[in-house]
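Structure record follows, encoded as structure tokens.
FYI, side chains are in, hydrogens and waters are out, and symmetry mates aren't considered; it's all heavy atoms of this structure. Note that the structure is a prediction, hence the values are computed from the model and not measured.
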Amino acid sequence: ERERFENALMDKFGDIVESIEKIDVLKAEFSVPRDQQMLLEHVKASIGYSTMNSKLSGALRMWLMMVVHAAVASKQQSKGSLHKDIGYANLLNGHGELLGKAGRHEDSLMSFRRSLEIQTRVLGRSHMDTAPTIANIGGALQHMMKPDDALYNFTLALDLYIQKHGAEHEEVAKCIIKIARLLEIQGKLEEAKVEYDRGLVMLQSVLGEDHVETAKCYSDLAGMHVKLGQLDDAEENLRRSLQIHLKEFGPNHIVTAADTISLGDLFERKGMLTEALEEYSKGLEVQKDQLGKEHPSVASTICCIADVYSRFTSTGEMEMLRARSTNLTVELASGCLVFEGSSRCCLGEKDVALSKHHEALEIQIKAVGPVHPYVALCYQHIGIVQESMARHSEAMQSYEKMVAIHQKTLGADHLDIASAHQKFGDLYLAMDMLPEAMTEYSKALDIKERKLGADHLDNANIIGNIGMLHLRQLNYKQAMAEYTRALDIRRLHLGENHPDTAMLFNNIGMVFERTQQFDQAIQTYEKALMILGPEHDDTSTVVNNLGMVYDKQDRHEEAIAQYNRALELKRASLGPEHHETAMIVNNIGMVLERLDRCEEALDMYKQARDIKENALGKTHGSTASTIQNIGDVYQRLEMYDEAQTSYQQALDIRRTLYGENHSDTATTINSMGVMYENQERFEEALDMYWQARQIRTEVLGKEHPDTITTIENIGDIYDAMNDPEKAIEIFKESLTLNLSVFGEQSVEASNSMHAI
């Protein structure tokens, strides 16, 4: 028996593996029918049929691996010659496949290469029967993140398959799709799409439109269209995949549920939140039935539902959805808490949301242990809420705990770790810790470039973030270089007319704007708008930026016209009570303030404040910015008591959120200095200016324009207090800085000399 089985391993290994993979507890045979019914009911009520099948298949795979490993060892110890034993080569190939499924890709590659070496000796270097082994080598190299070597092997295998089977065959089509997937991983999306289309046409011809392999290709194509921003095409392909799977497996199958959940994700991307919720819910019910309530995939879908709820921005929208979605009650206790926590977060009840997420975390740790992907997901949700509350240090700690779990389960060099470094960079940027942000972005980029290649599409996001960091540091030349590099990558993979490409034109326009190259900024923003079109969600952002350029050119009426256009778009896409809508209302107030239309400006600022307080909370950083603006208008109206109240409110929020050493804190302190100076309360003004100078010097650097402004304010106070020696000393310092930063011919240097 053992000998016959070992011979079967060498001759029919694929059939054995296929029988293990297709194991189905529902097809188990029982001598007593009542036992069958009782056992199946117990499986369904506990872990579910799919989980049971998975556990059985996994156990049999482990057994098979031990048997194959022993057979390989036995062959190696035998006296017979192995270097020409095709059966042994087949055994090594099967061994490699099992090692690969266990995640041991380096050992898998070694086994495949030993198999190919024997096959080459016996059959010849370019024999057609070596194609499966060469394709397996390509797969192992792909898992080891060696895409160029993998592509070489897939291409070689494809040529051999064509020699053996002709240009149209199932194996040829599958190999083409492997090449497509690899090109997609490399970020070569247009090339990948061509190969997917080629493979799909062949599968339709060879296997038929309703075959499950055809459905897989439709699903792959849908993912490709999503990455290309072609969401309608993605939906069409997903629906075709779903239709085939419904026909083949029925609605209550895990494969069908995967398509349903993918549709939910697609609807969420399209902003069709109610439809997304319905698809996620359908998929979740199947997952709970087939996988069991504690399966990681169930937890993942619950979090998708929670994320959809977190995108609603008004109480009315939430209550409407609660009424329509009473059937979405999640039985898993932690799922309920995540669901409720995210719902409360979007209603401004963020402390309660945070509490619920912590409860969910405790339940998950008890259920699956402290080192589990869903525990990491709980930490991620906690961090997201903390970040939205501007509690950045706490968010950092939560994300660090998430990363620690990923490092143990995925390894320190995994792409998910790169994404975490990118998230840390975003947090440090929000905290004005710019060198730390650069370190994190650089770590993320290093991992992704090593794993994916320098020109991979995913790298464009990180490079763009590095560009934004340089922009914040006033390193305009470096910012332009990074944005241009990111733009080249997106043009390469997405083309000129993709929305993501458009937003890099938008960022380049920001560099032109900051360097006062206003004509180039306008041209670049208009190019971005031409790509986006009038209906895209990001159009309002670019229109808003265009308004800023007109404002800086003192073309205030044109600026207001652009802001109103942006406001109309934002209200249409996000609603009148969204915090991004409030941002544009705030910008209109800023233009009106510059036009000395202070009463109108005050009305706009108060509208923006009220929206932000409702959407973000009364202690949010963005709310504080608008309260600061209200204080500025009161000061211009010489309503100093009201100005004092607004400034103190903004300062209290900023100190609580950011601490003393933050640029926003310094801004409010400096404004209070201006207020005291206007009231001729010079000692109090001087104290405020020195505080602001110290913070700005430490946080922004001595040569930052805001720091220089505060230094000049100090000089003005000494001048007003009849202390010319100290005033001249301060103004000379500001002159040195202005000459260094802006040059001899600058207005800034001229103003310093005039003050002296």
Exercise. Only counting residues at least two apart or in another chain, list the ones meeting ring pair (Phe, Tyr, Trp, His ring centres under 6.0 Å) with H211.
Key: none
Quiz prompt | Modelled atom types, side-chain donor and acceptor of Y196 and E184, under 3.5 Å | solution = yes
Quiz item: Is the count of non-hydrogen atoms from other residues, nucleotides or ligands lying under 6.0 Å from E568 atom CD greater than 12?
Solution: no
Quiz item: Does K282 come within less than 4.0 Å of E278, counting only side-chain N to carboxylate O?
Solution: no
Practice problem: Identify the heavy atoms of G467 and A479 that sit nearest to each other, and give their distance. | Solution: O-CB, 3.5 Å
Quiz prompt | NZ/NE/NH1/NH2 to OD/OE distance under 4.0 Å, D446 and R450 | solution = yes
Quiz item: Checking T484 side chain against M480 main chain: does a donor-acceptor pair fall under 3.5 Å?
Solution: yes
Exercise. Could you tell me how the ring of H105 sits relative to the ring of H143: parallel (under 30°), tilted (30 to 60°) or perpendicular (over 60°)?
Key: parallel
Quiz item: Charged N to carboxylate O under 4.0 angstrom, E190 versus K193?
Solution: no
Quiz prompt | Interatomic spacing from CZ in R181 to CZ in F154 - rounded to 0.5 Å | solution = 9.5 Å
Quiz item: Between the side chains of T301 and Q287, is a donor N or O closer than 3.5 angstrom to an acceptor N or O?
Solution: yes
Practice problem: Run the salt-bridge test on K527 and E496 with the 4.0 Å N-O cut-off and return the result as yes or no. | Solution: yes
Exercise. Quick one: sort the H421 and F424 rings into parallel, tilted or perpendicular, breaks at 30° and 60°.
Key: perpendicular
Self-check item: Side-chain donor-acceptor pair present, Y280, E268, cut-off under 3.5 Å
Solution: yes
Exercise. For Q380 and S398, test the side chains for any donor-to-acceptor distance below 3.5 angstrom and give the result as yes or no.
Key: no
Self-check item: Donor-acceptor contact below 3.5 Å, side chain S241 vs main chain N237
Solution: no
Self-check item: Side chains of H245 and D259, donor plus acceptor under 3.5 Å
Solution: yes
Quiz item: With the threshold set at 4.0 Å, does a side-chain nitrogen-carboxylate oxygen contact exist between E195 and R198?
Solution: yes
Quiz item: Got a donor-acceptor contact below 3.5 angstrom from the N459 side chain to the A454 backbone?
Solution: yes
